[in-house]
Number of protein chains: 2
Amino acid sequence: MSSLWSRTRNAVYGEITRTAMELFLTRGFDATTIDDIAAAAGISRRSFFRYFGTKEDVVLGDLIASGDLIRQALEARPAGEDAWTALCGALHSVKDSAYDDETMLKIFRMVHETPSLRARSIEKHLQWQALLTPEVRRRLGADPADPWDVRADALVATVITCLDVAGEAWTRAGGQVPLEDLFDAAVDAVRPASCEPAAEISTGDPG
Amino acid sequence: MSSLWSRTRNAVYGEITRTAMELFLTRGFDATTIDDIAAAAGISRRSFFRYFGTKEDVVLGDLIASGDLIRQALEARPAGEDAWTALCGALHSVKDSAYDDETMLKIFRMVHETPSLRARSIEKHLQWQALLTPEVRRRLGADPADPWDVRADALVATVITCLDVAGEAWTRAGGQVPLEDLFDAAVDAVRPASCEPAAEISTGDPG
DNA sequence: TGCCTGATTGACACTCAGTGCCAGATCGGC
DNA sequence: GCCGATCTGGCACTGAGTGTCAATCAGGCA
């Protein structure tokens, strides 16, 4: 039952996020203390930590949630599709709305320029990797318990890294170029279209 | 002149590293405070921070130094070589000696299991990327100021990611397989040998 | 309506990382 | 032996994050 308790909790969660993001974007991430956030949101310092483990999680909280969406998108891909194509297709489903493009650009820049945020963002991406690897292993026909088989890990990590690179270039370019295009360019630089599908389960007729 | 001042400094630096690493590996990274390290090394708490910016830097201090070695190795690669091959070759020159394999395994595991260490390790790798990208851009013939060209960034980030994946697999496998082999396997999974050299400056005779 | 249980909250105290400041010691050159 | 530069230790401070405890409040039950 998600009655008053959890509804209140969600409301407070959203309120903290809104308040904190506004402070971050105006006076900067490091210059905003948790006392500032708590005071502005009308809660106690201690309560803040009951909603967010760290200050960084306020900014990157949605990231881990979208990791699960990507996993679902990956599993929904056609069964015969090779792992690389499926992975790229699934990553295309990352649409962090909830913010307009200009705000998104500010947030990206902030994450990019703040070491602790940058690091935590990458940690989240590592969690994505753990989420996606099993399905890729399955598609590659790899033994799930074989620690020597690095193919799936390499593929997943690479594609996510391409997304990172694209995001970085997107901020550098001031959001002038669609993120998708940059992602595609990064992916194509790593594995040109001329490449035949990497490791495939088999039985596939070429084409 | 690197006379007494810097010689003493280097000696103290090494002493702190040795002492701290011993504490880390016995009682754990998080369970070791900087006061512990300072006391064991016979210096003041304040002086510790004159040698290391953070506690993590004691463990990962050599990493940033090897970044420069990789850059040199990359620049020393044959001029005609395609960027991908040159990058992989340069990465092979990462040999963190100074520790035996068993100690190395413990350190890897510690870094892997400690979030703050993991994060900082990734930050260092980002610094590697910034170091290596210019040379790769040069090899690709990219405009140094063009923020839209993501090829070099994608290539560098991918190869470094492969090294990460290999390192992770190496710890999972208990160091049973040479790190180089795992790295090669990861690289080959991303871009099979059947691929033709990605983006090349040109004029190269095939071979 | 009144009570009980469980989850939430705020307040206080605490540890620890990291920084700024200042006085004293120490080395190198003169 | 003196002087400037550098290193050192000690002190105080901010800020993140945690443990604890009493007070509060929703919901179920008689």
Side-chain angles (χ1 to χ4, degrees), chain A residues 1-17 19-21 23-24 27-61 110-111 114-121 123-124, chain B residues 1-17 19-21 23-24 27-61 64 110-111 113-121 123-124:
Chain A
M1 290 304 112
S2 72
S3 46
L4 223 163
W5 280 121
S6 57
R7 260 184 295 133
T8 309
R9 193 172 173 82
N10 285 344
V12 175
Y13 187 93
E15 179 61 23
I16 297 175
T17 305
T19 311
M21 287 305 283
L23 289 174
F24 290 156
R27 63 175 96 155
F29 184 80
D30 285 329
T32 305
T33 71
I34 292 183
D35 287 295
D36 295 336
I37 301 171
I43 57 170
S44 75
R45 192 186 127 70
R46 193 64 186 84
S47 281
F48 172 89
F49 285 109
R50 293 201 177 91
Y51 286 89
F52 296 95
T54 69
K55 200 167 71 166
E56 288 77 21
D57 284 351
V58 180
V59 182
L60 305 170
M110 184 175 71
V111 172
T114 311
S116 65
L117 268 177
R118 187 79 191 275
R120 192 127 187 91
S121 152
E123 269 190 85
K124 299 278 184 180
Chain B
M1 289 304 111
S2 70
S3 43
L4 222 163
W5 281 121
S6 57
R7 261 185 294 130
T8 310
R9 193 171 174 81
N10 285 344
V12 175
Y13 187 92
E15 180 60 23
I16 297 176
T17 305
T19 310
M21 287 305 284
L23 289 174
F24 290 156
R27 59 175 99 157
F29 185 80
D30 286 328
T32 306
T33 71
I34 293 183
D35 287 297
D36 294 336
I37 301 171
I43 58 169
S44 74
R45 192 186 126 71
R46 192 64 187 85
S47 281
F48 172 88
F49 285 109
R50 293 203 176 90
Y51 287 90
F52 296 95
T54 67
K55 200 168 74 167
E56 287 77 22
D57 284 352
V58 179
V59 182
L60 305 170
I64 188 66
M110 184 174 72
V111 172
E113 290 163 2
T114 310
S116 64
L117 269 177
R118 189 78 189 274
R120 192 122 186 96
S121 154
E123 271 188 82
K124 300 278 184 180

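Lettering of chains follows the sequences in order, A, B, ..., and the numbering in each one begins at 1. Values below: all heavy atoms of this structure, side chains included; hydrogens, waters and symmetry mates excluded.
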Please give, in whole Å, the distance from dA5(D) C1' to Arg9(B) CZ? 14 Å

Suppose the criterion is salt bridge (charged side-chain N to carboxylate O under 4.0 Å, His left out): which pairs have a residue in residues 44-55 of chain B, not counting sequence neighbours? none

Whole angstrom is fine here: how far is it from CG in Asp57(B) over to C1' in dG18(C)? 12 Å

Out of dG17(D), dC16(C), dG15(D), whichever nucleotide has its closest atom nearest the side chain of Thr33(B): dC16(C)

Excluding sequence neighbours, so at least two apart, what forms salt bridge (charged side-chain N to carboxylate O under 4.0 Å, His left out) with Arg27(B)? Asp36(B)

Atom CZ of Phe48(A) to atom P of dG17(D): distance rounded to whole Å? 8 Å

Classify Thr32(B) by what it touches in the nucleic acid, base, sugar-phosphate, or nothing, heavy-atom distance under 4.0 Å. sugar-phosphate

Atom-pair distance (CZ on Arg27(B); P on dC16(C)), nearest Å: 11 Å

Starting from C1' on dG10(C), measure out to CZ on Arg45(A) and report it in whole angstrom. 12 Å

All salt bridge (charged side-chain N to carboxylate O under 4.0 Å, His left out) counterparts of Glu113(B), not counting sequence neighbours: none

Round to the nearest Å and state the distance from Asp30(A) atom CG to dA17(C) atom P. 19 Å

Restricting to side-chain hydrogen bond (donor to acceptor under 3.5 Å, both in side chains), what partner residues turn up for Thr114(A), sequence neighbours left out? none

Is there a side-chain contact between Ile34(B) and Phe49(B) in this structure, where contact means two heavy atoms from C-beta onward sitting under 4.5 Å apart? yes

Counterpart residues, ring-ring contact (aromatic ring centres under 6.0 Å, His included), relative to Phe29(A) (two or more places apart): Phe24(A)

Tell me the interatomic distance from Glu56(A), atom CD, to dG17(D), atom C1', rounded to whole angstroms. 11 Å

Any N/O donor-acceptor pair, Arg46(B) side-chain to dG18(C) base, under 3.5 Å: no

I'd like to know if the side chain of Thr32(A) and the backbone of Gly28(A) have a donor-acceptor N/O pair within less than 3.5 Å. yes

OP1 or OP2 of dT8(D) under 4.0 Å from side-chain N/O of Tyr51(B): yes

Counting only side-chain N and O atoms of Ser44(A), is one of them less than 4.0 Å from OP1 or OP2 of dT9(C)? no

Nearest nucleotide by nearest heavy atom, which residue falls closer to the 5' end of DNA chain C, Arg50(B) or Thr54(B)? Thr54(B)

Mind calculating the distance between CZ (Phe52(A)) and C1' (dT18(D)) to the nearest angstrom? 18 Å

Taking the minimum atom-to-atom distance to the side chain of Phe49(B), which one of dG17(D), dA17(C), dT9(C) wins? dA17(C)

Short of 4.0 Å, heavy atom to strand atom, which residues of residues 34-43 of chain A count as contacting DNA chain D? Ile34(A)

